[in-house]
Amino acid sequence: MSDEKVTDLYNLIMSACDELYKSRKLITKKAILAIAETSGDWSESELELYVPRYINEWRLQNLAEDQSLLYAEQVVQLEAQLQKYRASLLQAQHTINKLKAELISVNSRAQQQRDLIIAELRGLLK
């Protein structure tokens with residue numbers, strides 16, 4: 001079979017599989033053979049050779065596309081989750097900074113009270 005005929009058959013089978021898939025019909029060798037027999041002048045031996053191979057190629061392509069869509073969806077979900085984690089991290093950093101400021105303030109007041117107590121004790125001892 002010439003390259004042009006092979007390409008035509010390939011394109012026909014791919015589009016037939018697409019149409020069957022869109023209409024939610026089973027993609028079977030028998031269904032594709034019926035379409036191919038009415039759409040071209042391929043011999044029965046050529047159809048028997050190429051139809052199963054091209055149906056499997058179509059299935060593998062769609063499986064790869066479905067996996068790509070699944071992976072893309074997972075990436076979107078993971079990015080959303082990452083954004084939530086980033087927001088939580090920013091909130092945690094804000095809380096830490098606030099607690100640090102409070103700790104510094106408490107430490108400063110404790111130092112002032114310590115200094116006052118020491119000054120009062122010195123005043124009593126004089």
Side-chain angles (χ1 to χ4, degrees):
M1 182 172 1
S2 71
D3 289 342
E4 186 177 315
K5 269 182 99 174
V6 170
T7 302
D8 289 343
L9 181 58
Y10 176 83
N11 291 333
L12 173 70
I13 292 172
M14 292 298 144
S15 64
C17 288
D18 286 338
E19 289 303 314
L20 289 172
Y21 181 76
K22 285 178 189 173
S23 61
R24 301 208 181 273
K25 294 182 181 174
L26 287 177
I27 300 169
T28 62
K29 179 180 170 185
K30 186 176 179 179
I32 300 297
L33 282 173
I35 293 169
E37 287 172 352
T38 61
S39 301
D41 59 342
W42 296 281
S43 71
E44 193 172 317
S45 62
E46 291 171 333
L47 291 175
E48 288 293 325
L49 176 67
Y50 288 106
V51 167
R53 181 186 309 168
Y54 292 158
I55 291 172
N56 285 335
E57 282 184 32
W58 182 88
R59 287 181 176 146
L60 288 173
Q61 281 179 342
N62 281 336
L63 178 63
E65 288 173 9
D66 288 346
Q67 288 296 328
S68 297
L69 292 175
L70 178 63
Y71 293 145
E73 185 177 308
Q74 288 176 344
V75 167
V76 168
Q77 289 175 350
L78 290 173
E79 286 174 348
Q81 193 174 18
L82 182 59
Q83 289 300 323
K84 288 179 186 176
Y85 290 151
R86 284 183 179 151
S88 296
L89 181 59
L90 286 173
Q91 181 63 38
Q93 287 175 334
H94 177 67
T95 303
I96 289 169
N97 289 337
K98 186 177 176 181
L99 291 172
K100 279 182 182 179
E102 287 179 24
L103 184 59
I104 290 170
S105 175
V106 167
N107 191 25
S108 175
R109 280 184 282 167
Q111 183 66 34
Q112 288 173 353
Q113 287 178 350
R114 182 177 169 255
D115 291 344
L116 283 173
I117 293 171
I118 291 173
E120 283 181 30
L121 288 174
R122 283 190 183 149
L124 292 174
L125 292 174
K126 283 186 186 183

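No experiment lies behind these values; they were computed from the predicted model shown.
Taken to the nearest 0.5 Å, the CZ atom of Arg53 stands 10.0 Å off from the CD1 atom of Ile13. Of the inter-residue distances, the one linking Lys22 atom NZ with Cys17 atom SG reads 12.0 Å to the nearest 0.5 angstrom. The distance from the NE2 atom of His94 to the CG atom of Leu99 is 9.5 Å, given to the nearest 0.5 Å. Between atom CE of residue Met14 and atom CD1 of residue Ile55 there is a gap of 8.5 Å, rounded to the nearest 0.5 Å.
No side-chain heavy atom of Val76 sits under 4.5 Å from any side-chain heavy atom of Tyr71. For the pair Leu12/Tyr54, no side-chain contact is recorded, criterion being any heavy-atom separation below 4.5 Å from C-beta on. The closest side-chain heavy-atom distance from Gln112 to Leu116 is not below 4.5 Å.
Crowding of Gln93 atom CD: a count of heavy atoms from other residues, nucleotides or ligands under 6.0 Å exceeding 12. Other residues, nucleotides and ligands contribute only 12 or fewer heavy atoms inside 6.0 Å of the CG atom of Asp41.
Remark: of the listed residues Glu79, Arg86, Gln81, Arg86 is the sole one forming a side chain to side chain contact (heavy atoms under 4.5 Å, CB included) with Gln83.
Summarising the hydrophobic clusters (Ile, Leu, Val, Met, Phe, Trp, Tyr; side-chain heavy atoms under 4.5 Å, direct or chained), the residues clustered with Ile117 are Leu121.
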*asked:* Please determine whether side-chain contact (heavy atoms from CB on, under 4.5 Å) holds for the pair Lys100 and Ile96, giving the CA-CA distance in whole Å, both sets of side-chain angles, and the decisive distance to 0.1 Å.
replied: CA-CA 6 Å; Lys100 279 182 182 179; Ile96 289 169; 3.9 Å; yes

Please walk me through it: do Tyr10 and Tyr50 pass side-chain contact (heavy atoms from CB on, under 4.5 Å)?
CA-CA 8 Å; Tyr10 176 83; Tyr50 288 106; over 6 Å; no

ask   = Can you check side-chain hydrogen bond (donor to acceptor under 3.5 Å, both in side chains) on Trp42 and Asp8, steps first, answer last?
value = CA-CA 10 Å; Trp42 296 281; Asp8 289 343; over 6 Å; no

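At least one donor-acceptor pair under 3.5 Å links the side chain of Ser15 to the backbone N or O of Asn11. A donor-acceptor contact shorter than 3.5 Å is absent between the side chain of Asn107 and the backbone of Leu103. Using a distance-only test at 3.5 Å, with no hydrogens or angles considered, a donor-acceptor pair links the side chain of Ser23 to the main chain of Glu19.
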With a 3.5 Å cut-off and sequence neighbours excluded, list the donor-acceptor pairs that the side chains of residues 24-40 form with protein atoms.
| unit_1 | atom_1 | unit_2 | atom_2 | d |
| --- | --- | --- | --- | --- |
| Thr28 | OG1 | Ala31 | N | 3.1 |
| Lys29 | NZ | Glu48 | OE1 | 2.6 |
| Thr38 | OG1 | Ala34 | O | 3.3 |
| Thr38 | OG1 | Ile35 | O | 2.9 |
| Ser39 | OG | Ile35 | O | 2.9 |

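A side-chain donor from one of Gln111 and Asp115 sits under 3.5 Å from a side-chain acceptor of the other.
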